[in-house]
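Just so you know, these numbers come straight off a predicted model, no measurement behind them. Values reported hereafter were calculated over all heavy atoms of this structure, with side chains retained and with hydrogens, waters and symmetry mates removed.
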Amino acid sequence: MATHRTARRRVELILDLTCVHSYLGFHRFQAAVRRYRAAGGEADVEFLPFQVAPDAPAEGVPLTEIHRRDFGDRAGELTAHMAAVGARDGLVLDFGRAVYVNTFEAHRLLVGAAAEGHGEAVAERLFRAYFTEGADLSDPATLASLAAEAGLPATAAPVAAEELRAELARVRGLGTHAVPHVVFDGTTAFTGARSEQVYFSALEAGSGSAR
């Protein structure tokens, strides 16, 4: 087997859990990393938190209201387009059910889950719950239920709030302004949702110029 397929890669995923582009990028990355692992490669995936809207309310409001506020008459057209993009990737993006909410508590859960080796499963479950099922990702009971469904042990605890605040500030300080932002081995970086093949090629190469 080729040596580049047996190398261990380190990947940092900077995402927000209510960002549709983050969901698309994560979904495609997951497909790529499954291929890479099936071919004998190893990949350590780290989740770095980022909030697109850190001032979003803790109490959820319908996402459609936010879209109408931000996009006006174009809201329906834009969301229909994104839903069609998601469908081509096998995702159900039901913007009419989604609840716009602050993602701080969801990030606390995800960072804690990643420390236990369950980050990828928990991230997928949170994204799907938000975009497909209309789940409120600020609700503690909802988050606990989703974590259990993703296989996170009940003994696992969310990262401390102060620790997450410090990490959010650190990630912002790295110059991160948009998500998803995916970094391979600290060298090759992609901002925006790229194709599965782009991510797979980066896993195989393991280094290169930032794009």
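Other cluster members for L174: none, since no ILVMFWY side-chain heavy atom sits under 4.5 Å from it.
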Derivation of the side chain to side chain contact (heavy atoms under 4.5 Å, CB included) call for L203 and F184: CA-CA 7 Å; L203 285 165; F184 295 84; 3.7 Å; yes

Residue pair R9, D185: steps toward the side chain to side chain contact (heavy atoms under 4.5 Å, CB included) verdict: CA-CA 6 Å; R9 302 300 184 213; D185 292 328; 3.3 Å; yes

Residues N102, Q51; criterion side chain to side chain donor-acceptor pair (under 3.5 Å); working and verdict: CA-CA 8 Å; N102 194 290; Q51 288 190 287; 2.9 Å; yes

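The hydrophobic clustering, which links ILVMFWY residues whose side-chain heavy atoms are closer than 4.5 Å, places L93 and F26 together. F104 and Y130 are assigned to two separate hydrophobic clusters, defined by single-linkage of ILVMFWY side chains at heavy-atom distances under 4.5 Å. Using a 4.5 Å cut-off between side-chain heavy atoms of Ile, Leu, Val, Met, Phe, Trp and Tyr, with links allowed through other members, F131 and M82 fall into the same hydrophobic cluster. V198 is connected to V182 through a chain of hydrophobic side-chain contacts under 4.5 Å among Ile, Leu, Val, Met, Phe, Trp and Tyr, so both are in one cluster. Linking ILVMFWY residues whenever their side-chain heavy atoms come closer than 4.5 Å, directly or via other members, leaves V45 and V111 in distinct clusters.
Between the side chain of T132 and the backbone N or O of A129 there is no donor-acceptor pair closer than 3.5 Å. The backbone N or O of E204 lies less than 3.5 Å from no partner atom in the side chain of Y36, so there is not a single donor-acceptor pair. When atom types are taken as modelled, the side chain of S145 and the backbone of A141 share no donor-acceptor pair closer than 3.5 angstrom.
For the atom pair F47 CZ and L17 CG, the distance stands at 9.0 Å (nearest 0.5 Å). Taking CG from D89 and OG from S195, the interatomic distance works out to 10.0 Å, rounded to the nearest 0.5 Å. Distance check: L15 CG to F29 CZ gives 9.5 Å after rounding to the nearest 0.5 Å. Remark: E162 CD to L164 CG distance equals 9.5 Å, nearest 0.5 Å. In this structure, the separation between CG on D44 and CD on E12 is 11.0 Å, given to the nearest 0.5 Å. Note: L146 CG to L137 CG = 7.0 Å, rounded to the nearest 0.5 Å.
Residue pairs meeting the salt bridge (Lys or Arg N to Asp or Glu O under 4.0 Å) criterion with at least one member in residues 99-111, sequence neighbours excluded: E105-R108. Pairs engaging residues 136-161 under the salt bridge (Lys or Arg N to Asp or Glu O under 4.0 Å) rule: R125-E149 [sequence neighbours left out]. For residues 69-101, every residue pair satisfying the ring-ring contact (aromatic ring centres under 6.0 Å, His included) rule, not counting sequence neighbours, is listed here: H67-F71, H67-F95. Pairs passing the side chain to side chain donor-acceptor pair (under 3.5 Å) check and including a residue from residues 13-23, sequence neighbours excluded, read D16-T103, D16-H107.
Under the 4.0 Å criterion applied to side-chain N and carboxylate O atoms, R28 and E196 are not assigned as salt-bridge partners.
With sequence neighbours left out, V122 forms a side chain to side chain contact (heavy atoms under 4.5 Å, CB included) with L109, L110, A113, H118, L126, A150, L152. Here D73 pairs with nothing under the salt bridge (Lys or Arg N to Asp or Glu O under 4.0 Å) rule; sequence neighbours left out. The salt bridge (Lys or Arg N to Asp or Glu O under 4.0 Å) search around E124 returns R128, not counting sequence neighbours. In terms of the side chain to side chain donor-acceptor pair (under 3.5 Å) criterion, residue partners of E167 (sequence neighbours excluded) are, by chain and number, R170. With sequence neighbours left out, R37 forms a salt bridge (Lys or Arg N to Asp or Glu O under 4.0 Å) with E120. Judged as a side chain to side chain donor-acceptor pair (under 3.5 Å), and not counting sequence neighbours, D55 has no contacts. Take R97 and apply the salt bridge (Lys or Arg N to Asp or Glu O under 4.0 Å) test, not counting sequence neighbours, and it matches no residue.
Taking each heavy atom of G25 and P180 in turn, the nearest pair found is CA-CG, 4.3 Å. Nearest heavy-atom pair, A135 versus T142, reported as atom, atom and distance to 0.1 Å: CB-CG2, 4.1 Å. When all heavy atoms of L24 and G86 are compared, the closest pair comes out as CD2-CA, 4.0 Å. Across all non-hydrogen atoms, the minimal contact from T64 to G96 is CG2-CA, 3.9 Å. Considering every non-hydrogen atom in both C19 and F127, the closest pair reads O-CE2, 4.0 Å.
Atom CZ of R74 has 12 or fewer heavy atoms from other residues, nucleotides or ligands within 6.0 Å.
You'll find the side chain of V179 reaches within 4.5 Å of the side chain of V52, heavy atoms only.
In the model, T176 has no side-chain atom that pairs as donor or acceptor with a side-chain atom of H181 under 3.5 Å.
Judged by the 6.0 Å and 45° rule, R172 forms a cation-pi pair with F50.
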